2 protein chains.
Amino acid sequence: MTALLAIRDAARLSGLSAKMIRHYEGIGLILEPQRTQARYRQYSARDVHEMGFIRRARDLGFSIEDIRHLLGLWRDRSRGSAEVKAIALNTIAALDEKAASLAAMSRSLKRLAATCHGDERPDCPILDALEGAPGDG
Amino acid sequence: MTALLAIRDAARLSGLSAKMIRHYEGIGLILEPQRTQARYRQYSARDVHEMGFIRRARDLGFSIEDIRHLLGLWRDRSRGSAEVKAIALNTIAALDEKAASLAAMSRSLKRLAATCHGDERPDCPILDALEGAPGDG
DNA sequence: TATGGGTCTCCCATCATGGGAAGGTCAAGG
DNA sequence: CCTTGACCTTCCCATGATGGGAGACCCATA
């Protein structure tokens, strides 16, 4: 039971790509698995479980270093939840900051696009703004 | 007047870094400038103007390829504004999509963090979710 | 002329991910 | 037994924007 899985099956079950699994192993995020005599990687259900953890963490926007940290906390049954929550709050702040930055760019661009007639005439407030026109910066 | 500028001064005036200026030249975004006999790059006010265009476009979230395209349109006095506006609208859509994705991650994480007491107790809904608990996906 | 600072090119690193080449392995079928 | 096709291995390169640094060169000023 719980036969060992080839990398392709571990990838399919965890939602990571085989490329990513090898990469995460290379940077020490995933432990080196057993190998067959032909050096094929073999993963246990536990390994795949850990890969799922990593994928979900990535989906939530955690950085690799945060995930490294979270994995350590996950394995440590005696840790308090304070540190985990602190990492999550940090990540939330980083995500919000990035989202706000993108939204600000989008807003500026929308303002410019709204006043650009977008036809065959050459005058264009978008290019004017890029040119450095002192208009509505 | 309008003496030629060394790369450092072009960088200062345009808001790009000297590294970036060389890089943009390497990828063909910026034309190769004049050189002194010692092969030092020398930029005209016009060159710096173009660098400013590039920096502002980047600040607005345009991709390098979009900027390449916009520069061509900018130089072409006879082009209509339709194409420029189309590029802008595309970029707006891409920015909004990225921002929405980050915001969604942030929202999920906030929901999890809200129910994590964040103290010395080990139970933690954040880790539970990463573990793959079938709770609130 | 010596010194400090600017510049040159080239290489490497980030971050996450994919593509691809060259070669080894394995299972199934002829 | 051998071929075929699918899979695996490692290694290198690319993205996109940017920085860091090495080693060599140039120039102005004290």
Side-chain angles (χ1 to χ4, degrees), chain A residues 3-30 32-43 47 51 53-71 90-91 94-95 97-98 101-102 105, chain B residues 3-30 32-43 47 51 53-71 90-91 94-95 97-98 101-102 105:
Chain A
L4 294 178
L5 299 164
I7 194 167
R8 169 169 258 251
D9 297 308
R12 187 171 37 77
L13 290 177
S14 67
L16 296 175
S17 69
K19 277 281 195 191
M20 276 296 92
I21 292 173
R22 293 195 196 94
H23 177 63
Y24 289 159
E25 178 187 326
I27 64 176
L29 198 61
I30 286 175
E32 300 198 10
Q34 285 185 27
R35 302 272 190 142
T36 67
Q37 283 203 316
R39 296 194 43 73
Y40 281 26
R41 290 174 179 81
Q42 288 191 300
Y43 297 99
D47 292 332
M51 290 178 200
F53 181 102
I54 292 172
R55 186 192 50 75
R56 280 181 288 274
R58 281 231 53 81
D59 287 350
L60 283 170
F62 285 107
S63 72
I64 291 291
E65 286 318 302
D66 280 344
I67 293 173
R68 197 188 296 278
H69 199 162
L70 289 171
L71 277 170
N90 259 3
T91 297
L95 290 170
E97 189 178 326
K98 273 186 226 159
S101 165
L102 293 173
M105 292 193 282
Chain B
L4 295 177
L5 299 164
I7 195 168
R8 169 169 259 251
D9 297 309
R12 188 171 36 78
L13 290 176
S14 67
L16 296 175
S17 69
K19 278 280 195 190
M20 277 295 92
I21 292 173
R22 293 195 196 94
H23 177 62
Y24 288 158
E25 179 188 325
I27 64 175
L29 198 61
I30 286 175
E32 300 198 10
Q34 286 185 27
R35 302 271 191 144
T36 66
Q37 284 203 315
R39 297 193 41 73
Y40 281 26
R41 290 173 179 80
Q42 287 190 301
Y43 296 100
D47 291 332
M51 290 177 201
F53 181 102
I54 293 172
R55 187 190 51 75
R56 280 181 287 274
R58 281 233 54 82
D59 287 351
L60 283 172
F62 285 106
S63 72
I64 292 290
E65 287 318 302
D66 281 343
I67 295 173
R68 197 188 297 277
H69 198 163
L70 289 171
L71 278 169
N90 260 2
T91 297
L95 290 170
E97 189 178 326
K98 272 185 228 161
S101 164
L102 294 174
M105 291 193 282

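Predicted, not measured: the structure shown is a model, and the values here were computed from it. In the text below, chain A, chain B and the rest are named by the order of the sequence lines, each starting its count at 1.
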Checklist outcome for this item: Rounded to whole Å, CD of B:Gln37 lies from P of C:dT7 at a distance of 18 Å
Checklist entry - Any idea which of C:dC8, C:dG20, C:dT7 is nearest the A:Lys19 side chain? => result C:dG20
Item to check | Whole angstrom value for the distance that separates P of C:dT17 from CE of A:Met51 | outcome: 14 Å
Checklist entry - Does the side chain of B:Arg39 get closer than 4.0 angstrom to OP1 or OP2 of C:dT9 through an N or O atom? => result yes
Checklist entry - Do B:Ile64 and B:Tyr24 have side chains that get closer than 4.5 Å, going by heavy atoms? => result yes
Item to check | Where chain A begins and ends its contact with DNA chain D, read 5' to 3' at 4.0 Å from heavy atoms | outcome: D:dC7 to D:dC11
Next on the checklist: For C:dT9 and B:Arg35 - does any side-chain N or O of the residue sit under 4.0 Å from the phosphate oxygens OP1/OP2?
Outcome noted: yes
Next on the checklist: Categorize B:Ala6 for me: base, sugar-phosphate, or nothing, with a 4.0 angstrom heavy-atom threshold over every strand shown.
Outcome noted: sugar-phosphate
Next on the checklist: Within this structure, what is the CZ-CD1 distance for the pair A:Phe62 and A:Ile67, rounded to the nearest 0.5 Å?
Outcome noted: 8.0 Å
Checklist entry - Can you find a heavy atom in the side chain of B:His23 that is under 4.5 Å from one in the side chain of B:Ser17? => result no
Item to check | Earlier contact from the 5' end, DNA chain C, for A:His23 and A:Tyr40 | outcome: A:His23
Checklist entry - Below 4.0 angstrom from OP1 or OP2 of C:dA16, is there any side-chain N or O of A:Tyr24? => result no
Checklist entry - Would you say the side-chain atoms of B:Arg55 pair up with the backbone N or O of B:Ser14, donor to acceptor, closer than 3.5 Å? => result yes
Checklist entry - Say you draw a straight line from CD1 of A:Ile30 to CZ of A:Arg68; how long is it, rounded to the nearest 0.5 Å? => result 11.0 Å
Item to check | Distance, rounded to the nearest Å, where B:Ile7 contributes CD1 and C:dT7 contributes P | outcome: 7 Å
Checklist entry - Atom CZ of A:Arg22 and atom P of C:dA16: how far apart are they, to the nearest Å? => result 19 Å
Item to check | Test item: B:Tyr43 and B:Leu13 side chains (from C-beta on) under 4.5 Å apart, heavy atoms | outcome: no
Item to check | Length of the line joining A:Asp66:CG and C:dC15:P, which is rounded to integer Å | outcome: 12 Å
Checklist entry - Whole-Å distance between C:dT25 P and A:Arg41 CZ? => result 15 Å
Checklist entry - How close or far is atom P of C:dG6 from atom CG of B:Leu4, stated in whole angstroms? => result 19 Å
Next on the checklist: Need one value for A:Thr36: base, sugar-phosphate or nothing, where a base atom within 4.0 Å counts as base even if backbone is also close, heavy atoms only.
Outcome noted: nothing
Item to check | Test side chain to side chain contact (heavy atoms under 4.5 Å, CB included) applied to A:Thr91 and A:Asp66, step by step | outcome: CA-CA 9 Å; A:Thr91 297; A:Asp66 280 344; 3.2 Å; yes
Checklist entry - Whole Å only: how far is the CG atom of A:Asp59 from the C1' atom of C:dT17? => result 14 Å
